[in-house]
Asker: 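Below is the structure I would like to discuss, written out as structure tokens.
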There are 2 protein chains.
Amino acid sequence: MKGRGYKATPQRVAILEALAAEQHQSLDEIHAKCPHVGLVTVYRTLDLFSEIGAVRRLDLGDGSRYELAEAHHHHLICDSCGSISEFEGCPIDPERLDVEGGFEVRSHSVEVYGNCAECL
Amino acid sequence: MKGRGYKATPQRVAILEALAAEQHQSLDEIHAKCPHVGLVTVYRTLDLFSEIGAVRRLDLGDGSRYELAEAHHHHLICDSCGSISEFEGCPIDPERLDVEGGFEVRSHSVEVYGNCAECL
DNA sequence: AGCATAGTGAAAAATATTTTCGACTGCGAA
DNA sequence: TTCGCAGTCGAAAATATTTTTCACTATGCT
């Protein structure tokens, strides 16, 4: 279940379950789902998960949020209610990126801002 | 020079000049270019400039950065040295975004991660 | 020039994040 | 089983970041 050499402690399992319950949560929201785990451990564990690629950290302007790294997708952020949703159809073709000057592309992210169906 | 009803104070001019000197600076970098301006004023003024659309706030994972809102462009972030550069050819066609479910698109941003020419 | 009010700065408060360090746990070796 | 250790934990402290408060100042209008 875990990558090489990492222990599956109860705390880590709890945090993984919290992450599985909902995408793009803030650290506080995750911690609220397993309050018996120390806050520092939540920070540490999310760092660890990010490093091994199990979790992606999002910086969408309202503090860090975390999501399980599943299928490639991007985010829709509602200007009025702040809700975050996902869309799968990736509009970027890495091969065709018009990036001059020897920059070697590894990955990308796209954020789309506007208004969600509820707010309209 | 200013929008409706905003006073052109020396502090605001100094911050604008600091912004003009270099794109995507952190708040500290901006403050360092005009140390006689109070830190709180830098925060407040950048908020104001963002609200009136003169400045864009960037959240690229290493804290907020600010840039003058000029031509539409996106960012290239180097994984190894962290440098930020820009590219103009926008790969997104807002008309053709495959965004389901009644989301009304207003704007978007794209970040491309990889390695810059120097680091290669 | 005089006034009303937006704007400013210093300090304090509120938040957020990272570091430190002593204690605990499970595992392999003796 | 007992020892020792590496990895992990959590509380508190240290740092960093952002917001609030409030008395004072300076700008823009008349």
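It should be emphasised that the depicted structure is a prediction, and the values quoted were computed from it without experimental measurement. Residue numbers start from 1 in every chain, and the chains themselves are labelled A, B, ... in the order their sequence lines are given, proteins ahead of strands. Because only heavy atoms are used, hydrogens play no part in the values below, and waters and symmetry mates are left out as well, while side chains stay in.
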Asker: What residues form a side chain to side chain donor-acceptor pair (under 3.5 Å) with A/His108, not counting sequence neighbours?
Answerer: A/His72, A/His74
Asker: Restricting to pairs with a member in residues 7-44 of chain A, which pass ring-ring contact (aromatic ring centres under 6.0 Å, His included), not counting sequence neighbours?
Answerer: A/His24-A/His75
Asker: Would you mind building the protein contact string for nucleotides 3-20 of chain D? One character per nucleotide, 5' to 3', B for base within reach (heavy atoms under 4.0 Å), S for sugar-phosphate only, - for untouched.
Answerer: ----SSBBBB----SBBB
Asker: With salt bridge (Lys or Arg N to Asp or Glu O under 4.0 Å) as the rule and sequence neighbours excluded, what pairs involving residues 67-84 of chain A come up?
Answerer: A/Arg56-A/Glu67, A/Asp79-B/Arg106
Asker: Return the set of residues passing side-chain contact (heavy atoms from CB on, under 4.5 Å) with A/Glu17 (not counting sequence neighbours), or none when no residue passes.
Answerer: A/Val13
Asker: Through what angle, rounded to 10 degrees, does the axis of the helix from C/dA1-D/dT30 to C/dA30-D/dT1 turn between its ends, using five pairs per end?
Answerer: 30°
Asker: Given a cutoff of under 4.5 Å between side-chain heavy atoms of I, L, V, M, F, W and Y, with clusters grown through shared members, what are the other residues clustered with A/Ile84?
Answerer: A/Leu58, A/Leu60, A/Ile77, A/Tyr113
Asker: Tell me the salt bridge (Lys or Arg N to Asp or Glu O under 4.0 Å) pairs involving residues 43-52 of chain B, sequence neighbours left out?
Answerer: B/Asp47-B/Arg57
Asker: For residues 18-40 of chain A, which residue pairs pass the salt bridge (Lys or Arg N to Asp or Glu O under 4.0 Å) check, not counting sequence neighbours?
Answerer: A/Glu22-A/Lys33, A/Glu29-A/Arg65
